[in-house]
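Report on the structure given below.
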Number of protein chains: 2
Amino acid sequence: MAPTVQAGAPRRVALSRDRVLRAGVALADEEGIDALSMRRLAQRLGVVPMALYRHVANKEELLDGMVDVVIGEIDPPLEGADWRTAVRERILSARRALLRHPWARPVIESRTGASPVVLDHMNSLIGMFRAGGFSAVLTHHVMHALGSRMWGFTQEVFPSAPPPEDPEQRAAMFQQVAARWPHILEIAGAGAHDQGSVVGQGCDDQFEFEFTLDLMLDGFERLRRQDWTPRR
Amino acid sequence: MAPTVQAGAPRRVALSRDRVLRAGVALADEEGIDALSMRRLAQRLGVVPMALYRHVANKEELLDGMVDVVIGEIDPPLEGADWRTAVRERILSARRALLRHPWARPVIESRTGASPVVLDHMNSLIGMFRAGGFSAVLTHHVMHALGSRMWGFTQEVFPSAPPPEDPEQRAAMFQQVAARWPHILEIAGAGAHDQGSVVGQGCDDQFEFEFTLDLMLDGFERLRRQDWTPRR
DNA sequence: ACCTGAACACCGTTCAAGT
DNA sequence: ACCTGAACACCGTTCAAGT
């Protein structure tokens with residue numbers, strides 16, 4: 001018997017870093033990031049908890065690796081498009097990847113230090129601006145302005161709790177909002193697709209994202225055209 | 001002896017919700033949000049852990065209350081200023097409050113559902129746009145565009161890890177970045193106050209924040225002036 | 001040399017027993 | 001009626017003992 005993986009003994013697929021990371025992504029996808037513990041992940045892989053530590057140094061490194069898996073799903077850059085189309089498509093592709101893995105947003109935000117995969121994405125975006133005629137300084141600020149939007153997400157701030165079921169309670173809540181926060185009520189339904197909805201309801205996230213993205217791209221283009229430099 | 005607080009017996013100041021929240025803020029300020037556990041907070045107050053549950057239902061509610069304390073530090077709105085100055089100052093004041101309590105950013109981001117204090121802040125901002133001549137629909141989108149920036153923070157994405165001490169290691173890292181991520185290197189120093197710094201170093205956060213805030217306010221003003229409505 | 005069970009030092013929260 | 005100690009069901013990770 002060669003000392004390789006025992007064929008014929010259908011025990012377990014050998015553990016590998018890749019298999020650990022993919023199982024982590026699957027677990028987080030299915031049960032949320034709070035359900036992802038080293039112990040539960042090990043159980044899912046039919047392995048003792050400490051076995052995971054052969055492939056990742058600790059939980060932080062597990063999360064880093066899982067983020068890389070998600071970022072790996074972003075489409076490659078468009079070839080031969082103008083800077084604006086290229087940037088826009090790249091960011092919207094990142095958004096699609098992140099929407100498939102909702103747990104990834106808070107995890108990306110909490111990372112300190114960038115992995116090679118993260119740096120690849122940033123380098124690629126920066127290259128698009130530079131090729132489009134943006135100066136190094138302007139590109140620097142423009143990348144800061146994008147911030148986490150380069151990953152296709154932003155922090156929404158409208159309360160997301162669904163309104164109470166009971167019509168009487170809902171009426172009472174309505175009264176209270178009308179009295180203390182009239183302006184919120186006033187704009188609540190505005191911009192919603194289905195009319196008569198309550199705060200934060202029926203609001204089209206994709207529309208809001210593209211609205212802001214385009215607002216920023218417009219701003220960038222304007223600064224580029226006027227050869228913006230920081231006033232000193 | 002009246003059954004009130006025993007005078008003369010210098011035991012402990014009576015626990016109250018307010019005292020619990022303030023102690024939570026102080027603990028998070030001093031030792032970070034990870035150090036804030038119900039058990040440690042109780043210990044700091046010289047109280048058994050379960051005593052806290054008289055004043056907050058659970059840890060989530062504790063965090064909600066702590067966020068309210070921080071938001072309570074934001075200055076009241078400017079009277080009689082134009083919309084742009086009023087909005088700008090309010091947001092920069094929120095930023096100052098948040099900078100005093102760095103743990104508050106991730107906590108605010110993780111809240112679901114808005115407290116009355118949060119709604120007050122939003123209502124006040126919305127009122128400023130409306131008074132400045134913004135339509136309800138445009139104000140709706142503009143508030144989404146601000147997102148978490150209304151609290152004076154945004155997610156920075158540049159790697160923040162300090163470069164290695166050892167000059168030889170630093171040179172090697174430099175080589176690696178130059179080879180694989182040339183564009184990142186190219187814009188790294190640009191926009192930094194002190195020259196010759198490395199990625200993410202010497203970068204003026206306050207400048208970046210105001211750069212983007214002004215870019216967005218410019219965009220808002222432009223849409224307002226052209227009576228923007230969503231194309232259907 | 002490799003692997004892993006038990007243990008450590010924590011969590012948030014429940015609950016029953018005590019005053 | 002009020003308060004609280006012990007307990008429950010978890011964590012991530014260390015480490016020594018086993019094969």
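Letters A, B, ... are given to chains in the order of the sequence lines, protein chains preceding strands, and every chain is numbered from 1. Hydrogens, waters and symmetry mates are skipped; everything else that's a heavy atom, side chains included, is used.
- Scanning residues 49-57 of chain B for heavy-atom distances under 4.0 Å to DNA chain C yields B:Met50, B:Tyr53.
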| So what does the secondary structure string of DNA chain D come out as, 5' to 3', with Watson-Crick or wobble pairs under 3.5 angstrom, [ ] for crossing and | for pairs with another strand? | ||.|||||...|||||.||
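- Closest non-hydrogen pair, B:Phe209 versus B:Phe153, comes out as CE1-N, 3.8 Å.
- Comment: B:Glu89 does not engage B:Arg95 in a salt bridge, judged by the lack of any side-chain N to carboxylate O separation of less than 4.0 angstrom.
- Of the possible donor and acceptor atoms, none in the side chain of B:His183 sits under 3.5 Å from a partner among the backbone N and O of A:Asn123.
- Here chain B contacts DNA chain D (any atom closer than 4.0 Å to a heavy atom, that is under 4.0 Å), and the contacts span D:dC3 to D:dA7 from 5' to 3'.
- In terms of position along DNA chain C, the nucleotide closest to A:Arg39 lies nearer the 5' end than the nucleotide closest to the other residue of the pair A:Arg39 and B:Glu60.
- Closest non-hydrogen pair, B:Ile74 versus B:Ala97, comes out as CG1-CB, 4.2 Å.
- Listed for the A:His55 side chain is no donor-acceptor partner under 3.5 Å among the backbone atoms of A:Leu21.
- Partners of A:Glu73 by side-chain hydrogen bond (donor to acceptor under 3.5 Å, both in side chains), not counting sequence neighbours, listed by chain and number: A:Arg100, A:His101.
- Here the closest non-hydrogen pair linking A:Leu213 and A:Arg88 is CD2-CG, 4.0 Å.
- Applying the salt bridge (Lys or Arg N to Asp or Glu O under 4.0 Å) test to A:Glu30 and every residue at least two apart in sequence or in another chain returns A:Arg44.
- By the salt bridge (Lys or Arg N to Asp or Glu O under 4.0 Å) test, A:Arg90 pairs with no residue at all, sequence neighbours left out.
- Between A:Ser115 and A:Asp68, the side chains place a donor N or O and an acceptor N or O closer than 3.5 Å (distance only, hydrogens not considered).
- As rounded to the nearest Å, D:dC15 and C:dC3 have C1' atoms that lie 13 Å from one another.
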